[in-house]
2 protein chains.
Amino acid sequence: MAIKKQRAVRRTDALSKERIVEAAIEILDTDGEGALTFRALAARLATGSGAIYWHVANKDDLLAAATNDVIARVMAGLAQGARPREAIRALALGLFDAIDVHPWVGTQLSRAPWLAAIPQIFEGFGSRLEGLGVPEEAQFDATSTLVIHVLGVAGQNAANARLLAHRTDRTAFLGEIAQQWAQLDPARYPFVHRVAAQLPEHDDREQFLAGIDLILGGIEAAHPGPSART
Amino acid sequence: MAIKKQRAVRRTDALSKERIVEAAIEILDTDGEGALTFRALAARLATGSGAIYWHVANKDDLLAAATNDVIARVMAGLAQGARPREAIRALALGLFDAIDVHPWVGTQLSRAPWLAAIPQIFEGFGSRLEGLGVPEEAQFDATSTLVIHVLGVAGQNAANARLLAHRTDRTAFLGEIAQQWAQLDPARYPFVHRVAAQLPEHDDREQFLAGIDLILGGIEAAHPGPSART
DNA sequence: ACCTGAACACCGTTCAAGT
DNA sequence: ACCTGAACACCGTTCAAGT
């Protein structure tokens, strides 16, 4: 009982945007997008909901800051000096994995293209195309296609996560969708029928990467350049 | 003044899911995603907000039905019998244009992969890959990549529309983003700097199609098949 | 069977009042 | 300068009561 007085909860530091964003990320990660409210955030920070507005303009601002944090961490964690094609794949996978862990980032990225996180992603892909032999006039379209692929998958993964929050089993959930697809008229949906069986067992990450490789293949086919020997 | 009595508002027909969805689409198209509330919808239909729940499970159900309507119309309007590559491009452009007119469809598609609209889109792309010479094992990944591209662009366009709702000029808005990009550190963001100038003047539709062509190029490069003479 | 509309629970955001 | 927390305006959804 006579131990040195333990610091109570953590009301020592003053409130700051940093601490608010940190707490928001914790709520988003553990309880999902729906759980982030100013009331919940205020409770966790042991303050009033209005206090948060002193450091943060509004909820969009808060979510943007949280998203930037996660993306900046991905960019910082990237290995340097890889060959362009490998660097592009590593960046894509890094983003995929980050969004897999923080599905709410997917929602944000696909809802707000003016986010500060977007130019970071653009730069990450675009600056490596030079090394792939893509001429300057073609770099904008090629980069945009890679970025759109990442954002597109991000949005879908976030949607899946939103749904899986209410359910236990992922395979069972995909199985239900597969069953719905299998119940469509086979005459009108022959392809969907064939693919339905692959749905529950397919690996999102591998399919994402297959898409990146398809796009890279298209880029290289359109611009046969020096690095053809990947 | 003595003209035949005009039908008052339109309270003749009983309420139905069809009429509710129709009214919802009108609100979404004219006043944007934020304007669709059960109160606004009830007012337009001259009924109580609770009445809507007799025909529609909840707001998600309503939005799903509205989205399916728009997508089904795109599928129905497609020309028959085109060669596979042209058919795929036409489908992609049809979806792009529909989402351009109804940006809220973009939000829905990128938020809800279990929508009934999704297998329609899957079928539209997937069933044409056979004719491109893509072997069966590769069709799932290739289709998914095309669908993701459509959904990814859909989400971004919807986000842009949400922002442009509060503003008048599109070019001015893109100009502001371009300016933000141009203000980033040129040493760390050389590519973003180069691309910023192209941002305000670039054509979203053309860039979308360039992405589709890049993906198709990658598909054909991976599976050099019978239809190489496109 | 279908509709009405008040009531409920819950948001984001504001703001007068405190320190 | 920064924090508190009640109050405001507005949601989606429910439900007892009507026809």
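So you know, we letter chains A, B, ... as the sequences are listed, proteins then strands, and number each from 1. For clarity, every value in this text was computed on a predicted model and none was experimentally measured.
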Give the rounded distance in Å between these two atoms: CG of B:D60 and P of D:dC11. 17 Å
What is the separation between atom CD1 on A:I52 and atom P on D:dG5, rounded to the nearest whole Å? 13 Å
All side chain to side chain contact (heavy atoms under 4.5 Å, CB included) counterparts of A:A210, not counting sequence neighbours: B:D141
Separation of A:R19 atom CZ from D:dC2 atom P, in whole Å? 14 Å
Using the criterion of both pairing distances under 3.5 Å for Watson-Crick and G-U wobble pairs, give all stems of 3 or more consecutive pairs involving DNA chain D. C:4-8 with D:12-16, C:12-16 with D:4-8
Quick one: B:F38 CZ to D:dC10 P, roughly how many Å, whole number? 18 Å
Charged N to carboxylate O below 4.0 Å: is that the case for B:D61 and B:K17? yes
Could you tell me whether the side chain of A:Q156 and the main chain of B:L109 form a donor-acceptor pair under 3.5 Å? yes
First of B:G50 and A:L36 reached from the 5' end of DNA chain C, by closest nucleotide: B:G50
Should the ring pair B:F122 and B:F140 be called parallel, tilted or perpendicular, given that the plane angle runs from 0 to 90° and is split at 30 and 60? tilted
Would you say a side-chain N or O of B:W54 is under 4.0 Å from OP1 or OP2 of C:dC2? yes
Sugar-phosphate only, base, or nothing, as touched by B:L41 at under 4.0 Å among non-hydrogen atoms: nothing
Is it true that A:R44 and A:D31 have a side-chain N and a carboxylate O under 4.0 angstrom from each other? no
Charged N to carboxylate O under 4.0 angstrom, A:R188 versus B:E123? no
Tell me the ring pair (Phe, Tyr, Trp, His ring centres under 6.0 Å) pairs involving residues 56-79 of chain B, sequence neighbours left out? none
Round to the nearest Å and state the distance from A:R39 atom CZ to D:dC8 atom P. 14 Å
Spacing between A:Y53 atom OH and C:dA17 atom P, to the nearest angstrom: 21 Å
Nearest-Å distance for atom pair CG/C1', residues A:L45 and D:dC2: 14 Å
Separation of D:dT19 P from B:L15 CG (nearest whole Å): 19 Å
